[in-house]
Amino acid sequence: MLGFTALELARIQFGFTISFHIIFPAITIGLASYLAVLEACWLRTGREVYRDLYHFWLKIFAVNFGMGVVSGLVMAYQFGTNWSFFSEFAGSVTGPLLAYEVLTAFFLEAGFLGVMMFGWRRVGPALHFVSTVMVAIGTLISATWILASNSWMQTPQGYRIVDGRVIPDDWLQVIFNPSFPYRLAHMSVAAFLATALFVGASAAWHLLRDRKRGNDGGKDQKAVRKMLSMAMWMVLIVAPIQAVIGDFHGLNTLKHQPAKIAAVEGHWENAPDSKGTPLILFGWPDMAQEKTRFALEIPRLGGLILTHEWDGQIKGLKEFAPEDRPNSTILFWTFRIMVGLGMLMILLGLWSLWLRRRDALFSSPWFLRAAVCMGPAGLMAILAGWYTTEIGRQPWVVYGLMRTRDAVSAHGAGPLALTLGLFIVVYLFIFGMGAAYVLRLVRKGPAPYREPAAHGGPGRGRQQMRPISAADEMPSDTGGAGASDTSDRN
């Protein structure tokens with residue numbers, strides 16, 4: 001396939017599948033916690049707007065959860081089919097960690113998901129709220145185990161090698177490896193931030209549409225305005241926190257994976273009389289020529305950011321053997337895409353605060369358009385950050401222990417090219433349909449929640465609960481049976 005080797009095709013295939021998969025768990029993590037907050041606000045205040053928003057976003061959460069499970073199963077099988085030598089070498093560490101994820105997080109989510117989706121009127125308010133919280137906790141536990149496994153591959157510890165296989169010696173060291181806390185915090189906050197931007201973009205789109213139709217306010221905008229307000233508070237608070245976490249993560253990476261940082265910075269060597277590593281804002285790292293072309297530099301700033309010292313320096317790529325260097329051409333730009341989007345998120349949060357103080361948060365068309373455009377920014381930043389992390393680990397699959405070329409299964413390029421082509425076709429169809437359905441749900445917007453009728457009356461069947469349907473919950477001739485009843489919730 002276009003001259004690619006089996007190793008390259010296996011890497012492309014895994015990168016393709018994980019690029020789809022990572023989007024859905026990120027939104028799922030954020031939406032699960034958002035739903036828990038909405039239900040808590042509903043129970044505490046009795047305000048219908050929180051209940052309406054809960055049921056609106058519950059549908060979108062359910063679709064994302066399902067697509068995340070399906071896409072994750074494919075990745076698990078690839079460890080055995082495409083990366084069998086890696087599984088043989090490190091399976092005694094990665095296998096149990098993934099099993100713990102199933103035994104704790106997945107079972108917790110599966111146990112309470114049905115109650116969360118179908119039990120609104122079938123269990124008490126307290127039990128339903130507990131179910132929502134348990135699902136939210138389950139998504140975070142799932143991320144914990146997955147990132148523990150991946151972080152161990154980045155910074156392995158707590159092991160010994162016996163007969164060419166990794167044997168865990170200390171599970172606490174395996175799980176709480178040096179990069180794990182930073183990566184867990186960075187990814188979890190990224191999921192919250194991506195969800196806030198998605199929610200905010202949905203609200204901004206509805207406000208712009210209503211403005212175009214001549215509806216600049218009113219009762220039907222109450223839920224949409226609350227949605228935008230909550231999302232912008234989240235962006236304002238979380239985006240700067242993410243920048244701080246990213247700084248700590250960078251310091252940790254510099255300590256344990258200095259070649260990755262050198263590649264990210266496009267930094268090749270330190271001049272003998274240089275003081276402080278410059279920050280290269282833009283340029284084109286040339287792996288063959290061993291230099292960064294068209295570099296636009298700020299003196300000393302790179303060393304100051306990376307080491308927190310005015311004269312700080314980092315190792316250049318030339319200090320590492322050519323076979324141990326990650327691809328700086330890719331990393332240089334994936335990292336800058338991530339950071340650039342993060343800066344835009346901070347600016348969006350500050351802009352929202354300024355407009356909020358002027359009582360113009362819901363009426364500024366320029367801000368609303370910007371919020372819509374920033375809707376996918378969180379997911380794009382997650383993908384760019386994930387590429388930076390994974391490509392920056394190369395040429396190692398387990399850093400310093402096993403090279404990627406030694407981990408791939410003994411397949412020919414033909415079968416891998418065929419399966420990659422099939423993956424592309426199937427994924428674009430299935431997940432394209434899923435994404436279109438999610439957008440259809442978003443386009444409908446939040447509406448007053450109507451309780452399903454317990455009985456259809458003479459000549460009518462029982463109204464079925466359809467928690468993820470894009471159609472109306474009840475037909476229009478229910479005779480008022482769907483009118484909201486809040487007395488038992490206040």
Side-chain angles (χ1 to χ4, degrees), residues 24 27-67 113 115-121 125 128-129 131-133 135-136 139 192 194-210 215 218-234 362 368 371-372 375 378 434-452 463-476 482-486 489:
F24 303 119
I27 294 296
T28 299
I29 291 170
L31 280 184
S33 296
Y34 182 48
L35 289 170
V37 170
L38 288 173
E39 188 165 9
C41 292
W42 155 245
L43 292 173
R44 182 176 178 82
T45 67
R47 295 178 60 187
E48 296 179 356
V49 63
Y50 294 116
R51 179 203 58 191
D52 297 341
L53 287 175
Y54 179 91
H55 287 281
F56 171 64
W57 286 106
L58 178 63
K59 299 177 181 182
I60 299 169
F61 167 82
V63 177
N64 273 277
F65 185 89
M67 290 193 291
L113 183 64
V115 179
M116 175 185 176
M117 291 179 58
F118 300 100
W120 183 259
R121 294 290 293 175
H128 191 274
F129 175 63
S131 300
T132 304
V133 171
V135 172
T139 61
F192 294 144
T195 303
L197 289 166
F198 178 42
V199 172
S202 303
W205 183 84
H206 281 285
L207 290 173
L208 285 171
R209 185 186 64 173
D210 290 347
N215 178 19
K219 190 174 181 180
D220 55 341
Q221 280 195 349
K222 187 176 182 180
V224 172
R225 291 186 173 210
K226 177 61 67 175
M227 193 161 65
L228 179 64
S229 178
M230 295 178 73
M232 289 303 107
W233 277 124
M234 191 69 174
F362 310 113
L368 295 177
V372 172
Y437 187 69
V438 167
L439 293 177
R440 181 183 175 189
L441 291 170
V442 170
R443 186 167 58 249
K444 283 180 60 66
Y449 174 70
R450 297 181 295 179
E451 300 287 0
Q463 176 68 27
Q464 299 297 318
M465 299 185 70
R466 300 178 297 165
I468 64 172
S469 174
D472 292 337
E473 289 293 335
M474 298 183 63
S476 58
S484 61
D485 178 14
T486 61
R489 297 277 184 169

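Here CG of Leu58 is found 9.0 Å from CZ of Phe118. Values are rounded to the nearest 0.5 Å. Rounding to the nearest 0.5 Å places CG of Asn64 at 9.5 Å from CH2 of Trp57. Taking OG1 of Thr45 as the reference point, atom CZ of Arg51 lies at 11.0 Å (rounded to 0.5 Å). Here the OG1-CG distance, from Thr132 to Leu35, works out to 7.0 Å after rounding to the nearest 0.5 Å.
Under the rule for a side chain to side chain contact (heavy atoms under 4.5 Å, CB included), the partners of Ala194 that lie at least two apart in sequence or sit in another chain are Leu379, Ile382. For the side-chain hydrogen bond (donor to acceptor under 3.5 Å, both in side chains) test, no residue two or more places apart in sequence or in another chain qualifies with Thr139. With sequence neighbours excluded, the residues that form a ring-ring contact (aromatic ring centres under 6.0 Å, His included) with Tyr54 are Trp120, His128. Under the side chain to side chain contact (heavy atoms under 4.5 Å, CB included) criterion, Phe56 pairs with Ile60, Met227, Pro446, not counting sequence neighbours. For Met230, the side chain to side chain contact (heavy atoms under 4.5 Å, CB included) criterion is met by Tyr34, Val37, Leu38, Tyr50, Lys226, not counting sequence neighbours.
Between Ala201 and Ala371, the closest heavy-atom pair is CB-O, 3.4 Å. Scanning both residues, Leu43 and Pro125, for their nearest heavy atoms gives CD2-CB, 3.7 Å. Between Ala196 and Ala231, the closest heavy-atom pair is O-CB, 3.3 Å. Taking all atoms of both residues into account, the shortest heavy-atom contact from Phe192 to Ser33 is CE2-OG, 3.5 Å. Across every non-hydrogen atom of Met117 and Ala62, the tightest pair is CE-CB, 3.7 Å. When all heavy atoms are compared, the tightest approach of Val372 to Ala204 is CG2-CB, 3.7 Å.
Contacts classified as side-chain hydrogen bond (donor to acceptor under 3.5 Å, both in side chains) and involving residues 197-206 (residues at least two apart or in different chains) are given here: His206-Arg209.
Here the side chains of Arg225 and Leu207 are in contact, with some heavy-atom distance below 4.5 Å. The closest side-chain heavy-atom distance from Val133 to Glu39 is not below 4.5 Å. Side-chain contact between Val442 and Phe198 is present, with heavy atoms from C-beta onward closer than 4.5 Å. Proximity of Leu113 to Phe61: side-chain heavy atoms (C-beta onward) are separated by under 4.5 Å at one or more points.
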Decide yes or no on side chain to side chain contact (heavy atoms under 4.5 Å, CB included) for Met67 and Val438, but give the supporting numbers first.
-> CA-CA 11 Å; Met67 290 193 291; Val438 167; 4.2 Å; yes
